[in-house]
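Chain letters run A, B, ... following the sequence lines, proteins first and then strands; every chain starts at 1.
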Amino acid sequence: MAADITLFPAPENEQVLLARAQALAGFSMGELAARAGIAIPRDLRRDKGWVGMLLELWLGASAGSKAERDFAHIGVELKTIPVDGQGRPLETTFVCVAPLTGNTGVVWQTSHVRHKLTRVLWVPVEGDRSIALAQRRIGSPLLWSPNQEEESLLQRDWEELMDLIVLGQVERITARHGEVLQLRPKAANSKALTEAIGEHGQPIMTLPRGFYLKKTFTAPLLARHFLL
DNA sequence: CCTTGATCATAT
DNA sequence: ATATGATCAAGG
């Protein structure tokens, strides 16, 4: 899929961005793909990021693979989230890759996780696999920042996981660690390797990991929105 | 049925 | 290999 064009220029502020996202609510993937002039895959098995890219295109997010937020100039990160018929998330949400080395002295306040999650535009999208991709619709968007409780939960999990990484325990971490934030593989396959700290402080090669938000965290966040 | 671990595409 | 965008699918 070639898409280094932007259907819209970058939104100048949050209000414009939100209005633009609200205007997409109710449209189907098929409609948005057709109006953007891009091909629609028959399913997402080989195009897992397709929905996210489509929304980036329509909302004027920066294309490419820069290590920045989607709307860096207004400090907003875009997250599409697949939901069921009742608006509940069907998948966890990838946040960012976990740094496995060079972590001496890192703190929550300046972490990539916190930075990415300070302001998020959530765009729910129908994700039930029984619905053909072209017929799945965009839901009502939500501009969100973590409240005090959410931030505390995130910070606790992040600190626990980072402690284990720094102490050379990365290979003992499973997706069961963490209440709301979990560490899972984030790689092309199980043979991809990256450097990390071993149990005796020595360099080791291990699977790249990423931070993911569990559904128990995103579900209430979205539910609150639908109650308003 | 749901979660965990694995995986897919693309650009740099 | 690492960053972006995530969902798939085996098995508990």
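One finds no side-chain N or O of Arg45(A) lying less than 4.0 angstrom from the OP1 or OP2 phosphate oxygen of dC8(B). When the side-chain nitrogen and oxygen atoms of Lys79(A) are compared with OP1 and OP2 of dA6(C), one or more of them lie within a distance under 4.0 Å. OP1 or OP2 of dT7(B) has not a single side-chain nitrogen or oxygen of Arg184(A) nearer than 4.0 Å.
Side-chain atoms of Thr80(A) lie closest to dA6(C) of the nucleotides dG5(B), dG5(C), dA6(C). Out of dA9(C), dA6(B), dA6(C), the shortest distance to the side chain of Ser190(A) is found at dA6(B). Side chain of Arg46(A), nearest nucleotide from dT2(C), dA9(C), dC8(B): dC8(B). With distances taken from any side-chain atom of Leu44(A) to the nucleotides dT7(C), dT4(C), dA1(C), the minimum falls on dT7(C).
Distance, Asp43(A) CG to dA9(B) C1': 13 Å, rounded to whole Å. Separating the OH atom of Tyr212(A) from the P atom of dA6(B) is a distance of 11 Å, rounded to the nearest angstrom. Rounded to an integer number of Å, the gap from Lys66(A) NZ to dG5(C) P is 11 Å. The NZ-C1' distance, from Lys215(A) to dC8(C), rounds to 13 Å in whole Å. Between the CG atom of Leu161(A) and the P atom of dT4(B) there is a distance of 12 Å, rounded to whole Å. Rounded to whole Å, atom P of dT4(C) lies 15 Å from atom CZ of Phe71(A). Rounded to whole angstrom, the span from the NZ atom of Lys191(A) across to the P atom of dA6(B) amounts to 10 Å. In this entry the distance linking CG of Leu207(A) with C1' of dT2(C) reads 13 Å, nearest Å.
Between Gln169(A) and Glu199(A), some side-chain heavy-atom pair lies under the 4.5 Å cut-off. The shortest distance between side-chain heavy atoms of Leu154(A) and Leu213(A) falls below 4.5 Å. Annotation: side chain of His177(A) is not in contact with side chain of Leu183(A) (no heavy-atom distance under 4.5 Å). Between Val83(A) and Leu222(A) the shortest side-chain heavy-atom distance falls below 4.5 Å.
Residue contacts shown for Gly49(A) include a base, since a base heavy atom lies under 4.0 Å away. As judged by a 4.0 angstrom heavy-atom cut-off over every strand, Arg209(A) is placed among residues making no nucleic acid contact. As judged by a 4.0 angstrom heavy-atom cut-off over every strand, Glu195(A) is placed among residues making no nucleic acid contact.
Ile131(A) and Leu90(A) fall into different hydrophobic clusters, where Ile, Leu, Val, Met, Phe, Trp and Tyr side chains are chained together by heavy-atom contacts under 4.5 Å. Hydrophobic clustering (side-chain heavy atoms under 4.5 Å, transitive across Ile, Leu, Val, Met, Phe, Trp, Tyr) groups Leu24(A) together with Leu57(A).
The heavy-atom pair separating Val76(A) from Arg69(A) by the smallest distance is O-CB, 3.7 Å.
If you check distances only, the side chain of Lys186(A) does reach the base of dG5(C) with a donor-acceptor pair under 3.5 Å. Between the side chain of Lys48(A) and the base of dT7(B), at least one donor-acceptor pair of N or O atoms lies under 3.5 Å.
A tilted orientation is assigned to the rings of Trp58(A) and Phe8(A), their planes being inclined by 30° to 60°.
Where Ala187(A) and Gln182(A) meet DNA chain B, the nucleotide closest to each residue was compared, and Gln182(A) sits on the side nearer the 5' end.
A heavy-atom distance below 4.0 Å to DNA chain C is reached by these residues of residues 83-99 of chain A, ordered by number: Glu91(A), Thr92(A), Phe94(A), Val97(A).
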